[in-house]
Amino acid sequence: MRSAIAVPTASAAVAALLLTAPPGQAAPGAPRVAPCVQGELTLRAATVPHRPTVVRVSVTNRSGRTCAIDRVPLVTFGGLDGAALPVSGDGTGRLRLASGATVHADVRTIVRAADPQARKAASVTVGDWTGRWGRVFAPARLGTGSKVAVWEPVTTSWQPSTAAADRALGLGAAPRTSPKPAPTRATPSPTPTSATPSPSPTGRVPHRPSPTPPASPSPAPTSPSPTGATPTSPVSPSVSSPGPS
């Protein structure tokens, strides 16, 4: 990993600074509380659903008293030098953890698991800067596979909820699968009044002759006579029988 995450080399100086820092989320003038110790806290860790590069951790105060933890968890990776850096420079002071209270943090071990610069860690350890308590998590328990991909890891400070930790790390909503729309029943289209003839087996459209309207009888033409009178039918001349001579 890069030198930017080689924090443990100055852990003693950091621890001394944090021991003199004002209590986190404490009112001005509030008395300092004793630090939490091993056995008083319960730590949990698992990857965020659908985001194998982000580990969500939480710590619960199981003691009967209020104790103090460092505002930012100390997250280290087995077999690698360095620790996860606080996001946005968030990481000074102490946090008062009431009895029975739980706080949460998100740790991004790497941006892209397929990054060619990725390193592989055999475990992840979550504790506090001064090393009073901590717990080691195997990759199989975290849900990252056989190893944990690591490159320029970052961590949020302890937050009051998992949603707040996700926002502090800049995570959006988890991907959702949209339900498939229900099939719609097609509305039959109206049948046209004049059907188009279906093609014949030869591929040609048969010709359908247009119906011929019935012929109406037309009056016989009449030719006017030269005089303008309507001609009459000729009368055959009557044949007279010759009288007796």
Rounded to the nearest 0.5 Å, what separates atom CZ in R119 from atom CG in D81?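 R119 atom CZ to D81 atom CG measures 11.5 Å (nearest 0.5 Å).
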Atom pair CZ (R56) and CG (L171), whose distance is rounded to the nearest 0.5 Å: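 One gets 7.5 Å once the value is rounded to the nearest 0.5 Å.
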Side chain proximity check, [X] to [Y], heavy atoms < 4.5 angstrom:
X: F137; Y: V126; result: yes
X: I69; Y: W129; result: no
X: T42; Y: R44; result: yes
X: T47; Y: V54; result: no
X: T130; Y: D70; result: yes
X: T155; Y: V72; result: yes

Measure across [X] and [Y] and return the closest heavy-atom pair with its distance rounded to 0.1 Å.
X: P139; Y: S146; result: CG-O, 3.6 Å
X: C67; Y: E40; result: SG-OE1, 4.2 Å
X: A165; Y: T156; result: O-CG2, 3.8 Å
X: F77; Y: A121; result: CB-CB, 3.8 Å
X: P73; Y: W158; result: CB-CZ2, 3.4 Å
X: T66; Y: A98; result: OG1-CA, 3.6 Å

Does the side-chain contact (heavy atoms from CB on, under 4.5 Å) test come out yes or no for V55 and V148, once each step is laid out? CA-CA 10 Å; V55 177; V148 180; 5.7 Å; no
side-chain contact (heavy atoms from CB on, under 4.5 Å) assessment of W133 paired with V37: CA-CA 6 Å; W133 48 266; V37 296; over 6 Å; no
How would you list all residue pairs meeting salt bridge (Lys or Arg N to Asp or Glu O under 4.0 Å) that involve residues 134-144, not counting sequence neighbours?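 Checked against salt bridge (Lys or Arg N to Asp or Glu O under 4.0 Å) - neighbours excluded - no pair reaches residues 134-144.
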Taking side-chain contact (heavy atoms from CB on, under 4.5 Å) as the criterion, tell me which of T125, V136, V59 meets it with L43.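 Passing option: V59.
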Regarding Q159 and S157, is there a side-chain donor-to-acceptor distance under 3.5 Å anywhere?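 Per modelled atom types, Q159 and S157 side chains form a pair under 3.5 Å.
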Taking only residues two or more places apart in sequence, or in another chain, which ones meet T102 in a side-chain hydrogen bond (donor to acceptor under 3.5 Å, both in side chains)?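 Applying side-chain hydrogen bond (donor to acceptor under 3.5 Å, both in side chains) to T102 gives T60.
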Please set out all donor-acceptor pairs under 3.5 angstrom arising from side-chain atoms of residues 104-112, sequence neighbours excluded.
unit_1, atom_1, unit_2, atom_2, d
D106, OD2, D166, N, 3.3
T109, OG1, T53, O, 3.3
T109, OG1, A149, O, 2.9

Would a distance-only check, ignoring hydrogens and angles, find a side-chain to backbone donor-acceptor pair under 3.5 Å from R62 to G39?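 Here the side-chain-to-backbone pair does not exist.
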